[in-house]
Amino acid sequence: MRRRLRLRGEASITLLLGAALGLLLYAQRDGSAQTTSAPRAEGVAAPGPTPGVRVFEAPDTGAAPPVYEGDTPEPPTPTPTGPFDFGRYLRAKDQRRFPLLINQPHKCRGNGVPADGPDLLIAVKSVAADFERRQAVRQTWGAEGRVQGALVRRVFLLGVPRAAGADGADAADAEGAGTRTHWSAMLRAESRAYADILLWAFDDTFFNLTLKEIHFLAWASAYCPDVRFVFKGDSDVFVHVGNLLEFLAPRDPAQDLLAGDVIVQARPIRRRTSKYYIPEAVYGLQAYPAYAGGGGFVLSGATLHRLAGACAQVELFPIDDVFLGMCLQRLRLTPEPHPAFRTFGIPRPSAAPHLRTFDPCFYRELVVVHGLSAADIWLMWHLLHGPHGPACARPWPVAAGPFQWGP
């Protein structure tokens with residue numbers, strides 16, 4: 001009898017040791033899977049279970065906080081093609097007023113717009129060559145008209161294509177003249193067809209997005225003085241306008257608001273090889289002010305007018321979303337974080353590596369998702385707004401066994 005009890009005790013101990021060893025091996029496997037996954041771009045905060053303010057904190061080792069690498073792994077077009085010429089930038093940084101070549105003066109007045117202006121103005125950063133993206137936006141989330149009773153209007157923000165505005169002999173030859181004629185004719189025809197093109201006379205380069213920022217703020221203040229809210233973003237985002245309007249419904253447009261994917265404590269890059277390189281002579285502080293990721297954010301009419309005034313007084317900075325954070329800092333305004341603004345895209349959960357994140361059941365709960373192709377935008381829009389909508393709430397049969405992730 002004693003021998004039988006001793007054997008049972010030894011068997012129990014063996015089972016416990018086996019279970020402990022299994023848990024240890026699983027933990028090691030899980031940890032190694034995390035460390036061998038694709039590295040995250042520098043400066044991009046790791047997604048948490050409840051996204052809010054993205055805080056770039058220093059690790060326990062005492063190292064400096066991660067540096068700014070934009071709000072997505074790939075910057076919006078146009079991308080920088082070489083090292084940034086800071087000498088030229090510093091010489092021309094005080095040139096901040098450029099003529100408006102194509103205007104839409106009646107966008108927020110007339111044509112059925114009430115006297116107090118539209119409820120939502122959508123402003124999309126674009127470049128001349130991105131006609132396909134503009135068409136995708138026009139035909140999907142950026143369509144003008146009434147959405148849930150709210151009046152929506154749309155504009156695209158463009159500068160002159162670099163080849164058309166380049167200095168030197170190349171711009172004077174027949175090829176350069178032909179390029180200028182081609183883009184001018186195309187954009188003017190597009191403006192006549194859709195009445196949504198705003199074109200300024202500065203070169204449309206990555207580091208001139210700040211010029212696009214201040215010129216749009218000035219334009220909207222002058223031509224849309226009574227707009228209630230403004231959404232501003234890139235042409236590669238998907239926006240659930242219905243969710244955005246629900247978020248804005250209880251808000252007062254006469255009160256300050258700028259909401260989006262907020263990033264704090266990002267520090268400037270001092271590495272010359274980076275496209276975001278900022279020398280200390282241009283920005284000497286250790287961290288940038290809080291800013292909303294430039295992929296997409298929303299602001300009230302009151303904040304629009306205040307920002308237009310503040311940004312006219314802040315020295316230009318070559319990274320547009322950080323520049324806007326500097327303008328907010330001057331106004332002593334704090335951007336409001338919102339977890340449904342995903343300017344880093346939708347991260348794949350580590351616990352479900354086979355989960356498909358390009359799924360309408362994810363997108364129907366969000367406001368902004370950044371980093372989509374024109375085809376992706378079109379497809380997601382129709383998946384969400386089809387005659388039957390996504391089948392996300394249908395009941396699933398109760399599993400007979402333990403839970404398992406499907407393929």
Side-chain angles (χ1 to χ4, degrees), residues 44-45 47-48 50-54 70-77 119-126 130 133-134 136-143 147-148 150 152-157 209 213 216 228-249 251 257-263 290-300 303-304 320-321 324-325 328 335-348 357-385 390:
V44 177
T50 54
V53 178
R54 298 185 184 273
D71 57 317
T72 54
E74 292 296 327
T77 53
D119 297 294
L120 179 66
L121 173 65
I122 293 173
V124 181
K125 293 176 287 185
S126 184
D130 271 353
R133 288 188 184 277
R134 291 194 292 277
V137 172
R138 289 178 179 122
Q139 296 172 6
T140 58
W141 63 265
V147 180
Q148 297 175 185
V152 178
R153 286 289 184 259
R154 174 195 66 241
V155 289
F156 291 98
L157 317 177
L209 288 173
E213 190 78 59
F216 167 70
R228 291 172 56 80
F229 296 97
V230 176
F231 173 83
K232 185 171 179 290
D234 291 336
S235 58
D236 60 345
V237 301
F238 179 88
V239 182
H240 197 306
V241 177
N243 289 347
L244 177 61
L245 291 171
E246 287 183 14
F247 166 68
L248 296 174
R251 302 300 184 116
L257 170 69
L258 192 147
D261 191 356
V262 177
I263 299 106
Y291 64 91
F297 58 87
V298 66
L299 64 157
S300 65
T303 301
L304 166 73
D320 63 325
D321 49 8
L324 200 65
L328 290 173
E336 177 181 327
H338 194 294
F341 287 71
R342 300 297 182 89
T343 62
F344 289 86
I346 302 176
R348 190 184 303 275
T357 57
F358 188 77
D359 189 304
C361 297
F362 282 100
Y363 282 67
R364 72 171 186 170
E365 306 297 332
L366 300 175
V367 173
V368 175
V369 181
H370 198 183
L372 278 71
S373 68
D376 286 342
I377 293 172
W378 188 91
L379 176 60
M380 184 53 65
W381 175 262
H382 287 278
L383 288 173
L384 282 172
H385 296 84

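Treat the numbers as computed from the prediction; the structure is a model and nothing was measured.
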Would you compute the distance between atom [atom1] of [X] and atom [atom2] of [Y] and round it to the nearest 0.5 angstrom?
| X | Y | atom1 | atom2 | answer |
| --- | --- | --- | --- | --- |
| Leu328 | Leu299 | CG | CG | 9.0 Å |
| Thr343 | Asp234 | OG1 | CG | 9.5 Å |
| Arg342 | Asp261 | CZ | CG | 8.5 Å |
| Phe362 | Leu384 | CZ | CG | 13.0 Å |

Over all atoms of both residues, closest heavy-atom pair of [X] and [Y]:
| X | Y | answer |
| --- | --- | --- |
| Lys232 | Leu157 | CE-CD1, 4.0 Å |
| Phe156 | Ser126 | CD2-CB, 4.2 Å |
| Ala290 | Val262 | CB-CG1, 4.5 Å |
| Tyr363 | Leu372 | OH-CD1, 3.8 Å |
| Leu209 | Lys125 | CD2-CD, 4.3 Å |
| Phe341 | Gly296 | CD2-O, 3.5 Å |

**Q.** By salt bridge (Lys or Arg N to Asp or Glu O under 4.0 Å) - contacts of Asp376 (at least two apart)
**A.** none

(Q) Just to verify, what does Arg138 make a salt bridge (Lys or Arg N to Asp or Glu O under 4.0 Å) with, not counting sequence neighbours? (A) Glu190, Asp196

With sequence neighbours left out, write down each residue that passes side chain to side chain contact (heavy atoms under 4.5 Å, CB included) with [X], or none if nothing qualifies.
| X | value |
| --- | --- |
| Glu365 | none |
| Trp381 | Thr140, Trp141, Phe238, His385 |
| Leu245 | Leu120, Val147, Gln148, Ala150, Val241 |

Q. Is it true that a side-chain atom of Asp119 and a backbone atom of Arg228 form a donor plus acceptor pair closer than 3.5 Å?
A.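 Between the backbone of Arg228 and the side chain of Asp119 there is no qualifying donor-acceptor contact (under 3.5 Å).
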
Q) Is a side-chain N or O of Asp321 found less than 3.5 angstrom from the main chain of Gly293, in a donor-acceptor match? A) no

Q) Can you name the residues that form a ring pair (Phe, Tyr, Trp, His ring centres under 6.0 Å) with Phe247, not counting sequence neighbours? A) His338

Q) Would a 4.5 Å heavy-atom cut-off, applied to side chains only, mark Leu366 and Ile346 as touching? A) yes

